[in-house]
Asks: 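For reference, the structure I am asking about is given below.
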Amino acid sequence: MRFVELLAFICVQTFLACALSSSLGLCGDLYQKRMEKKLAFESSRFISESFRETSCGRGFDSFVEWQKTCKAMWKLDYISWTRADSFMLVENSDKGDLFYAKWIGPYGDGEVYSRVRKSYEK
């Protein structure tokens, strides 16, 4: 009778160990996906917010500095900025020049528009 109890105990322990192992594997996968989403959000937020801040004269000294820093910091494949009136009709130009930025990187793609009160095209 003790041998049968021992075999049952071993089977139950094996089943629990397998269940725990697969649960930990799923937790690891979820953690990895969470980190990827977090980095995507943080990169998009930093790039767009810093572009807007630069257009207001805060943050970076120029869009060129913003471009170089973001490219290095987030390992972007592509990042660029230009005046929006070079490719589209811009209304209310008396409020300032409208600038456009686009980026492509490992954490996602994005684009942002911002008005510039004075020229930061250094």
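Just so we're clear, the structure is a prediction, and the values are computed from it rather than from any experiment.
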Asks: Which distance, rounded to the nearest 0.5 Å, do you find between the CG of Leu26 and the CG of Leu30?
Replies: 6.5 Å

Asks: Is a donor on one side and an acceptor on the other found under 3.5 Å between the side chain of Glu111 and the backbone of Tyr100?
Replies: no

Asks: What is the minimum heavy-atom distance between Asp77 and Lys71, and which atoms define it?
Replies: O-NZ, 3.5 Å

Asks: Using the rule given for salt bridge (Lys or Arg N to Asp or Glu O under 4.0 Å), can you reason through Glu65 versus Lys68, listing the C-alpha separation, both sets of side-chain angles and the distance that settles it, and then say yes or no?
Replies: CA-CA 5 Å; Glu65 182 185 353; Lys68 289 177 182 177; over 6 Å; no

Asks: Distance check, rounded to the nearest 0.5 Å: Leu76 atom CG versus Ile47 atom CD1?
Replies: 4.5 Å

Asks: Hey, could you give me the CZ/CZ distance between Arg2 and Phe9, rounded to the nearest 0.5 Å?
Replies: 13.5 Å

Asks: Could you measure the distance from the CD1 atom of Ile10 to the CD atom of Glu5? Nearest 0.5 Å is fine.
Replies: 12.0 Å

Asks: Is there a side chain to side chain contact (heavy atoms under 4.5 Å, CB included) between Trp74 and Glu42 once you walk through the steps?
Replies: CA-CA 10 Å; Trp74 297 103; Glu42 288 177 350; 4.1 Å; yes

Asks: Should the heavy atoms of other residues, nucleotides or ligands under 6.0 Å from NZ of Lys75 be counted, would the total exceed 12?
Replies: no

Asks: Quick one: OH on Tyr107 to NZ on Lys37, what's the gap to the nearest 0.5 Å?
Replies: 14.0 Å

Asks: With hydrophobic residues grouped by side-chain heavy-atom distances under 4.5 Å, do Trp66 and Ile104 end up in a single group?
Replies: no

Asks: Could you list all the side-chain hydrogen bond (donor to acceptor under 3.5 Å, both in side chains) pairs where at least one residue sits in residues 6-35, not counting sequence neighbours?
Replies: none

Asks: Should we say atom CZ of Phe15 is surrounded by more than 12 heavy atoms from elsewhere, each under 6.0 Å from it?
Replies: no

Asks: Flag the pair Phe51 / Phe63 as yes when their ring centroid distance falls below 6.0 Å, and as no otherwise.
Replies: yes

Asks: Over all heavy atoms of both residues, which pair between Gln67 and Ser80 is shortest? Give the atoms and the distance, please.
Replies: NE2-CA, 3.8 Å

Asks: Please round to the nearest 0.5 Å and tell me the distance separating atom CG of Asp97 and atom CG of Asp85.
Replies: 7.0 Å

Asks: Is the ring pair Phe60/Phe46 parallel, tilted or perpendicular, if the boundaries are 30 and 60 degrees?
Replies: perpendicular

Asks: Going through the checks in order, is the side chain to side chain contact (heavy atoms under 4.5 Å, CB included) test met by Trp103 and Val112?
Replies: CA-CA 9 Å; Trp103 64 91; Val112 62; 4.0 Å; yes

Asks: Search all heavy atoms of Ser48 against all heavy atoms of Ser44 and return the closest pair with its distance.
Replies: OG-O, 2.8 Å

